[in-house]
Amino acid sequence: MAKVNGNYLKLPGSYLFSTIGKKVNAYAAANPDKKIIRLGIGDVTQPLAPAIISALHGAVDEMADAATFRGYAPDLGYDFLRSAIARCDYQARGCDISEDEIFISDGAKCDSGNIQEIFSVDNKIAVCDPVYPVYVDTNVMAGRTGTYDAQKETWSDVIYMPCIAENEFAPMLPDKTPDLIYLCFPNNPTGAMITKSRLQEWVDYANKVGAVIIYDAAYEAYISEEDKPHSIYECEGARTCAIELHSFSKNAGFTGVRLGYTVVPKELKAEGVALHGLWARRHGTKYNGAPYIVQRAGEAVYSEEGQAQIKKQIAYYRNNANYILEGLRAAGYFVSGGVNAPYIWLKAPEGMTSWEFFDYLLEKANVVGTPGSGFGPSGETYFRLTAFGSYENTVEAIERIRKL
Ligand code: MLT
């Protein structure tokens, strides 16, 4: 008789953004006359840049001709894209990463969920609290997190590292020693950024205790402060303790196109085994590569034209972030994030939980955000707004919130 993976049954509720989607759809169906502004999930709204569109068209035409048609992509990605990434995202910044350490995928969400597979189920994970739910949920599915305490909304075998106003939303080194450490900077959901010296402390710590850091740099393009690290490989010693995840979703608008990459340095080992080889084995067995046309679109991101165009797009969303930050601050809200990230993290009005504020905003202002408690217990009473809406909707949403 077939049996299910019982770990799935331990998961409380549905995926955070599915729950929100259902609530908003129900409200929209019951109130068809309301204009709802969605600043919940971090989904982009601006069209793909012209250089990317032109690369897509060109690649589609190649697929129409037997002489240039492409079948299966190489397991780890096309060289033209891997070398552009190594050159522009790493070597240009002085990071020692080569193209054969880059694995192309269909996005950072999948990689951040799949990467745990190459580690033993016995590993103890440490996560920021609040945290992007994919890191925890995928470890629950793998059976690595112990039992769930519904009261505290925590797992018995997970080390939670509170990211709160007192530590500027950057985690302190944990008391218990983890084996795998998930870090995300610029941070989702708080929008906080870590300094290079604090990130260096994490690298030193991981090397000392033999832990691996899974560093999610999906929002790196939003860093506006000069002295902040764009990659964990800017820190000395990161090649022996860190895996880095990247996305094309937030810098170039690929949320619907799907493209990302993971860096696994060749020196990185656990129990003497090179993780590069394990991830390559997993990729080769379970994945047939991102589509050729999408990888050509990714290559266009690194062209001179593409870089100029996506910089404009990022500036557009940054302007939204600034508008939200200043608008809410002027309205008396405690706000943070938004400077190096497309997320603004605000405190719900006194006496309201995150979900109460979610309902209140939806009903009274017809604005959708994300309740902080959905990202973990330390997110309770906080709320996340995204800067990825259109400028007009962003302005209108803030005006509606200010009038409440
Ligand atoms: C978010 O809203 O946190 C992100 O859009 C989710 C994702 O990138 O998967």
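Remember, predicted model here, so these are calculated numbers, not experimental data. Numbering of ligands and ligand atoms starts at 1, following listing order.
- When only interatomic distances are considered, the shortest N/O to N/O separation between Y15 and ligand 1 does not fall below 3.5 Å.
- Distances below 4.0 Å separate heavy atoms of N188 from the following atoms of ligand 1: 1 (C), 3 (O).
- Here Y343 has side-chain heavy atoms under 4.0 Å from ligand 1, and that is the only part of it that gets that close.
- Between R82 and E101, none of the side-chain N atoms (NZ, or NE/NH1/NH2) sits under 4.0 Å from a carboxylate O, so this pair counts as no salt bridge.
- Side-chain contact check for F119 versus L275: some heavy-atom pair is nearer than 4.5 Å.
- Near F17, meaning under 4.0 Å from any of its heavy atoms, are these atoms of ligand 1: 1 (C), 2 (O), 3 (O).
- Each of the atoms 9 (O) of ligand 1 lies under 4.0 Å from some heavy atom of K109.
- Between the side chains of K35 and N393, at least one donor N or O lies within less than 3.5 Å of an accepting N or O.
- In summary, the atoms of ligand 1 found under 4.0 Å from a heavy atom of G42, numbered by their order in the structure, are 1 (C), 2 (O), 5 (O).
- For K250, a nitrogen or oxygen atom sits less than 3.5 Å from a nitrogen or oxygen atom of ligand 1, counting backbone and side chain alike.
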- Task: Run the numbers on Y15 and D137 for side-chain contact (heavy atoms from CB on, under 4.5 Å), then give the verdict.
- Result: CA-CA 8 Å; Y15 182 56; D137 287 3; 4.1 Å; yes
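- D43 and T255 are linked by a side-chain donor-acceptor pair at a separation below 3.5 angstrom, with hydrogens and angles left out of the test.
- Those atoms of ligand 1 that come under 4.0 Å of a heavy atom in I41, given as number and element, are 2 (O), 5 (O).
- The cationic atom of K10 (NZ for Lys, CZ for Arg) does not lie both less than 6.0 Å from the six-membered ring centre of Y148 and within 45° of the ring axis.
- Listed by number with element, the atoms of ligand 1 under 4.0 angstrom from any heavy atom of Y132 are 6 (C), 7 (C), 8 (O), 9 (O).
- The environment of CG in D175 is sparse: at most 12 heavy-atom neighbours from other residues, nucleotides or ligands sit within 6.0 Å.
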